[in-house]
Amino acid sequence: MSERPLLAISEQINNERTCVNHLLFPAGGESQWHRHDRDYVIVPMQDCQLEIDTGEGAKTVPMKAGECYFRYAGVEHNVINNTDQDIVLIEVEIK
């Protein structure tokens with residue numbers, strides 16, 4: 001089990017078409033291993049970089065504030081914030 005602080009998820013919208021979550025990755029934190037059941041869009045609230053590990057080693061993913069990233073459901077992964085700043089993302093799951 002990791003000793004990193006964990007991602008905090010706050011649901012903002014959940015209706016028949018979408019689920020929108022506010023994601024707070026604390027400095028040095030992680031999401032833990034998970035898989036999305038739905039396609040989703042990630043919107044970073046600031047320029048940042050996260051480490052995405054899909055089991056083949058973590059890869060650094062730079063992100064720009066307000067630039068959307070689409071991801072398909074089903075890929076198991078762990079997201080790690082190896083920086084010394086908290087990172088906020090908005091996640092929109094498509095139902």
Side-chain angles (χ1 to χ4, degrees):
M1 176 131 183
S2 174
E3 295 194 23
R4 293 177 175 273
L6 296 180
L7 163 74
I9 302 173
S10 300
E11 186 177 87
Q12 294 185 335
I13 299 169
N14 191 352
N15 61 33
E16 65 280 352
R17 303 202 47 198
T18 62
C19 181
V20 179
N21 297 305
H22 178 274
L23 309 179
L24 172 61
F25 280 92
E30 70 175 315
S31 65
Q32 295 190 315
W33 286 93
H34 66 284
R35 177 184 327 239
H36 295 259
D37 294 332
R38 306 175 184 125
D39 293 344
Y40 61 102
V41 174
I42 295 293
V43 184
M45 298 285 84
Q46 75 260 33
D47 291 351
C48 61
Q49 68 179 31
L50 292 167
E51 304 289 323
I52 312 290
D53 189 349
T54 59
E56 299 174 5
K59 294 184 179 147
T60 301
V61 177
M63 300 178 156
K64 295 283 188 185
E67 191 171 297
C68 300
Y69 301 87
F70 175 83
R71 300 290 184 256
Y72 287 104
V75 177
E76 189 172 7
H77 60 287
N78 185 22
V79 182
I80 303 163
N81 176 4
N82 275 330
T83 73
D84 59 359
Q85 295 187 355
D86 294 347
I87 295 174
V88 174
L89 308 172
I90 300 298
E91 173 190 74
V92 181
E93 294 181 322
I94 303 162
K95 292 184 179 180

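Residues take their numbers from the sequence shown, with the count starting at 1.
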Is there a side-chain contact (heavy atoms from CB on, under 4.5 Å) between Glu91 and Ile9? Walk through the geometry before answering. CA-CA 10 Å; Glu91 173 190 74; Ile9 302 173; 5.5 Å; no
Starting from the C-alpha separation in whole Å, work towards a yes-or-no answer on side-chain contact (heavy atoms from CB on, under 4.5 Å) for Glu67 and Asp47. CA-CA 9 Å; Glu67 191 171 297; Asp47 291 351; over 6 Å; no
First locate atom CD of Glu51, then atom NE2 of His77, and finally report the distance between them rounded to the nearest 0.5 Å. 13.5 Å
If you compare all heavy atoms of Val43 against all heavy atoms of Cys68, which two are closest, and at what distance to 0.1 Å? CG2-SG, 3.7 Å
Test of understanding: clusters of I, L, V, M, F, W, Y form through side-chain heavy atoms closer than 4.5 Å, transitively. Do Met45 and Ile42 belong to the same one? no
How far apart are the closest heavy atoms of Pro5 and Ala27, and which atoms are they? CG-O, 3.7 Å
So Leu50 and Leu89, side-chain contact (heavy atoms from CB on, under 4.5 Å) or not? Walk me through it. CA-CA 11 Å; Leu50 292 167; Leu89 308 172; 3.8 Å; yes
For Phe25 against Asn81, the heavy-atom pair lying closest together: O-ND2, 3.2 Å
Applying ring pair (Phe, Tyr, Trp, His ring centres under 6.0 Å) to His22 and not counting sequence neighbours gives none
Taking only residues two or more places apart in sequence, or in another chain, which ones meet Arg35 in a side-chain hydrogen bond (donor to acceptor under 3.5 Å, both in side chains)? Glu76
Thr18 side, atom OG1; Glu93 side, atom CD - distance, nearest 0.5 Å: 9.5 Å
Interatomic spacing from NZ in Lys95 to CZ in Arg38 - rounded to 0.5 Å: 5.0 Å
Can you name the nearest heavy-atom pair linking Asp39 to Tyr72, along with the distance? OD1-CA, 3.4 Å
In terms of hydrophobic clustering (I, L, V, M, F, W, Y; side-chain heavy atoms under 4.5 Å; direct or indirect links), are Met63 and Ile80 co-clustered? no
Parallel, tilted or perpendicular for His36 and His34, by the 30°/60° rule? perpendicular
Once you round to the nearest 0.5 Å, how far does OG1 of Thr60 lie from CD of Gln49? 5.5 Å
Spell out, yes or no, whether Tyr40 and Val61 are grouped together once hydrophobic residues are joined by side-chain heavy atoms under 4.5 Å, including indirect joins. yes
Crowded around Gln85 CD? As in, over 12 foreign heavy atoms under 6.0 Å? no
Under 6.0 Å from the CG atom of Asp37, do we count more than 12 heavy atoms belonging to anything else shown? no
Treat each ILVMFWY residue as a node, draw an edge where side-chain heavy atoms are under 4.5 Å apart, and state whether Val79 and Tyr69 are in one component. yes
Exercise: identify the closest heavy-atom pair between Asn78 and Ser31: OD1-OG, 3.2 Å
Check the hydrophobic clustering (I, L, V, M, F, W, Y; side-chain heavy atoms under 4.5 Å; chains of links allowed) and say if Ile13 and Leu24 are grouped together. yes
Would a 4.5 Å heavy-atom cut-off, applied to side chains only, mark Lys59 and Ile52 as touching? no
side-chain contact (heavy atoms from CB on, under 4.5 Å) evaluation trace for Gln46 with Ile87: CA-CA 7 Å; Gln46 75 260 33; Ile87 295 174; 3.8 Å; yes
